[in-house]
Participant: 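Below is a structure I'd like to ask you about.
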Amino acid sequence: HEENLVNHITYIMAYDFEISDNKKAIQDLINIYQKEKLLEERDCIIKQLENKEIPQETSRQLEKRLNEIIIELVKMK
């Protein structure tokens, strides 16, 4: 089933977007997905940090994770 899905996505990308390098196209999709997940997590952490009532230790942990996410995002570009 997964192979059929990959083949279908590859066909669509090759036909609609004139992409010929299938492996690169699949890797690009994976990268986009990973980036979106990091952006979602980043936004969630920022919202949590806006809450002034969270414990200081929790705030430190969130800030640490936020920094890790920013570094990962910079490496992706």
Participant: Near Gln56 CD, under 6.0 Å, is it more than 12 heavy atoms from other residues, nucleotides or ligands?
Facilitator: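 No, because the 6.0 Å sphere around CD of Gln56 holds 12 heavy atoms or fewer from other groups.
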Participant: Rounded to the nearest 0.5 Å, what separates atom CD1 in Ile70 from atom CD in Glu72?
Facilitator: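 With rounding to 0.5 Å, CD1 (Ile70) is 11.0 Å from CD (Glu72).
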Participant: Quick one: do Ile32 and Met76 end up in the same hydrophobic cluster if we chain Ile, Leu, Val, Met, Phe, Trp and Tyr together by side-chain heavy atoms under 4.5 Å apart?
Facilitator: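 No, because Ile32 and Met76 fall into different hydrophobic clusters, even though each may have its own neighbours under 4.5 Å.
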Participant: What's the separation between atom SG in Cys44 and atom CG in Leu39, rounded to the nearest 0.5 Å?
Facilitator: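 Output value for this atom pair is 13.0 Å.
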Participant: Kindly work out whether a path of hydrophobic side-chain contacts (I/L/V/M/F/W/Y, heavy atoms less than 4.5 Å apart) joins Ile54 to Ile69.
Facilitator: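 Yes: a chain of side-chain contacts under 4.5 Å links Ile54 to Ile69.
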Participant: Look at atom CD of Glu3 and say whether more than 12 heavy atoms of other residues, nucleotides or ligands are closer to it than 6.0 Å.
Facilitator: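 Atom CD in Glu3 is not crowded, with 12 or fewer foreign heavy atoms closer than 6.0 Å.
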Participant: Considering only heavy atoms from C-beta outward, does the side chain of Asn31 approach that of Lys35 to under 4.5 Å?
Facilitator: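 They are not in contact (no side-chain heavy atoms under 4.5 Å apart), so the answer is no.
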Participant: Which residues satisfy the salt bridge (charged side-chain N to carboxylate O under 4.0 Å, His left out) test with Glu63, sequence neighbours excluded?
Facilitator: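 In terms of salt bridge (charged side-chain N to carboxylate O under 4.0 Å, His left out), with neighbours along the sequence ignored, Glu63 is linked to no residue.
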Participant: Test side-chain contact (heavy atoms from CB on, under 4.5 Å) on Leu38 and Arg42 and set out the steps.
Facilitator: CA-CA 6 Å; Leu38 287 172; Arg42 178 201 65 186; over 6 Å; no
Participant: What's the verdict on side-chain contact (heavy atoms from CB on, under 4.5 Å) for Gln34 and Ile30, showing C-alpha distance, side-chain angles and the deciding distance?
Facilitator: CA-CA 6 Å; Gln34 290 172 338; Ile30 291 169; 3.8 Å; yes
Participant: Pair Lys64, Gln61 - check side-chain contact (heavy atoms from CB on, under 4.5 Å), show working.
Facilitator: CA-CA 5 Å; Lys64 181 180 179 204; Gln61 291 172 349; 5.6 Å; no
Participant: Salt bridge (charged side-chain N to carboxylate O under 4.0 Å, His left out), that's the test. Do Glu68 and Arg65 meet it? Break it down for me.
Facilitator: CA-CA 5 Å; Glu68 292 169 353; Arg65 179 61 187 144; 3.3 Å; yes
Participant: Hey, could you give me the CG/CD distance between Leu62 and Glu57, rounded to the nearest 0.5 Å?
Facilitator: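 It comes to 10.0 Å.
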Participant: Quick one: do Ile71 and Lys75 satisfy side-chain contact (heavy atoms from CB on, under 4.5 Å)? Show the steps, please.
Facilitator: CA-CA 6 Å; Ile71 291 168; Lys75 288 179 181 178; 3.8 Å; yes
Participant: Looking at CD1 of Ile46 and CD of Glu50, how far apart are the two atoms once the value is rounded to the nearest 0.5 Å?
Facilitator: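 Result: 7.5 Å between the selected atoms.
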